[in-house]
Amino acid sequence: MPVRFYQVGSFAVGNRLVDVKDRSVQSDPGRSNSLTSGHRACQGCGEALGARYALDAAMRATSGRMVAVNATGCLEVFSTPYPETSWRIAWLHSLFGNAPAVATGVAAALRVKGQDDVRVVGQAGDGGTVDIGFGCLSGMFERNDDVLFICYDNEAYMNTGVQRSGATPPAARTATTEAVGPNPGNPFGQGKNLPALAMAHEIPYVATATVADLHDLEAKVTRAMTLHGARYLHVLVPCPLGWGAASCDTVRLARLATQSGLFPVFEAEFGEVKEV
Ligand SMILES: Cc1ncc(C[n+]2csc(CCOP(=O)(O)OP(=O)(O)O)c2C)c(N)n1
Ligand code: SF4
Ligand SMILES: [Mg+2]
């Protein structure tokens, strides 16, 4: 049976097997190292992995001319325990619910200062995106503000102890949807499909990705940064602590979610799916 190298975009075996032009941002010794070592994410944290790849790709695409706005959540908490930080980029912490509005404000301020070449990325967990931040995000989409917004979806409010969010899938066990007795865990028929909602705004670019295919994640961030206007990227990032999974299974779980059809991976432009 042929050996399959899934991690063709990472430092693992794959980069030696592809053309130089196809090698990942992470394989480049000149990468920005946007989220560097020393942070306090759990071992195997999908969010740390996804954010590192996404932000390094965005930094390369913008030649380092970029500002990131980060909602409250695990990514912010584990990376910036005051007075320390693991970010090596221009980075702002917003509130839990207003990262899209703050990102819009940063983009507007840069425009007023004549610095249109400096690009803006907003980022949040699924709670910050799908739930409390959704009004601001919908406004950002509707105005077509020049921001790439990235949701790192670990399917619950992990930072505060694994409470259910609007992105928690049916039957999932969380601290607020215990699977006890007749209760199946998170009820069926609830929740929001944020990529579909983003597409309904007919913004220039919507894509989904997972940490199982990091090269694909980098490519989508790179593509998004070639475009202007509101762009949205929804990344599945398994959380070992919240999911009760082994730290070594993060990438495998993300891959299974895609292969099983639970998490479709696609690209869409102006409301139409282009690539699956
Ligand atoms: C207005 C407000 N309500 C509640 C909180 C507490 N809080 C901080 S992070 C968080 C959950 C974050 O969940 P998510 O956005 O999914 O990010 P994750 O930690 O899972 O990466 C909550 C409820 C807060 N900071 N502000
Ligand atoms: S709780 Fe989950 S999202 Fe938060 S740092 Fe740990 S693995 Fe990452
Ligand atoms: Mg979450």
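Numbering starts at 1 and runs along the sequence shown. Below, all heavy atoms of this structure are taken into account, side chains as well, without hydrogens, waters or symmetry copies. Numbering of ligands and ligand atoms starts at 1, following listing order.
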### Message
Distance alone, cut at 3.5 Å: any donor-acceptor contact between the side chains of N186 and R173?
### Response
no

### Message
Under a plain distance cut-off of 3.5 Å, with no hydrogens placed, do N70 and E76 share a side-chain donor-acceptor pair?
### Response
no

If you have a sec, work out which protein heavy atom is nearest [atom] and how many Å separate them, to one decimal?
{"atom": "atom 13 (O) of ligand 1", "value": "Y157 CA, 3.4 Å"}
{"atom": "atom 8 (Fe) of ligand 2", "value": "C45 SG, 2.3 Å"}
{"atom": "atom 9 (S) of ligand 1", "value": "N159 ND2, 3.4 Å"}
{"atom": "atom 2 (Fe) of ligand 2", "value": "C239 SG, 2.3 Å"}
{"atom": "atom 5 (S) of ligand 2", "value": "C42 N, 3.5 Å"}
{"atom": "atom 17 (O) of ligand 1", "value": "G125 CA, 3.6 Å"}

Ion pair present between [X] and [Y], side-chain N to carboxylate O less than 4.0 angstrom?
{"X": "R119", "Y": "D146", "value": "yes"}
{"X": "E47", "Y": "R52", "value": "no"}
{"X": "R252", "Y": "D249", "value": "yes"}
{"X": "R65", "Y": "D117", "value": "yes"}
{"X": "E269", "Y": "R223", "value": "yes"}
{"X": "R60", "Y": "D56", "value": "no"}

Closer than 4.0 Å to some heavy atom of [X] - which atoms of ligand 1 meet that?
{"X": "T72", "answer": "8 (C), 9 (S), 25 (N)"}
{"X": "E47", "answer": "21 (O)"}
{"X": "T160", "answer": "6 (C), 7 (N), 8 (C), 10 (C), 11 (C), 22 (C), 23 (C)"}
{"X": "G127", "answer": "14 (P), 15 (O), 16 (O)"}
{"X": "N154", "answer": "18 (P), 20 (O), 21 (O)"}
{"X": "G128", "answer": "15 (O)"}
{"X": "I132", "answer": "1 (C)"}

### Message
Let me check your reading of the structure: within less than 2.8 Å of atom 4 (Fe) of ligand 2, is there an N/O/S atom from C74?
### Response
yes

Just by distance, do the side chain of [X] and the backbone of [Y] share a donor-acceptor pair under 3.5 Å?
{"X": "H39", "Y": "L35", "result": "no"}
{"X": "W87", "Y": "T36", "result": "no"}
{"X": "T85", "Y": "T80", "result": "no"}

#### Entry: Side chain, backbone, both or neither: the part of N154 lying under 4.0 Å from ligand 2 by heavy atom
side chain

### Query
Do F141 and Y232 have ring centres separated by under 6.0 Å?
yes

### Query
N/O to N/O below 3.5 Å, does that happen between F96 and ligand 1?
no

### Message
Below the 3.5 angstrom mark, is there an N/O of M158, backbone or side chain, next to an N/O of ligand 1?
### Response
yes

### Query
Are G242 and ligand 1 in contact, using a heavy-atom cut-off of under 4.0 Å?
no

### Message
With the threshold set at under 4.0 angstrom, would you say G242 reaches ligand 2 through any of its heavy atoms?
### Response
no

### Metal proximity, Y157 vs the Mg ion (ligand 3), N/O/S cut-off 2.8 Å
no

### Query
What are the atoms of ligand 2, with element, lying closer than 4.0 Å to any heavy atom of E47?
3 (S)

### Ligand-residue contact atoms, ligand 2 with F78, heavy atoms, under 4.0 Å
5 (S)

## Note on the structure
Row for the Mg ion (ligand 3): angle O (A156) to OD1 (D126), 10° precision, value 100°

### Query
For F266, is the NZ or CZ atom of K274 found under 6.0 angstrom from the centre of its six-membered ring and inside 45 degrees of the ring axis?
no

### Query
P204 versus N144: any side-chain heavy-atom pair under 4.5 Å?
yes

### Query
Side chain, backbone, both or neither: which part of C239 has a heavy atom under 4.0 Å from ligand 1?
neither

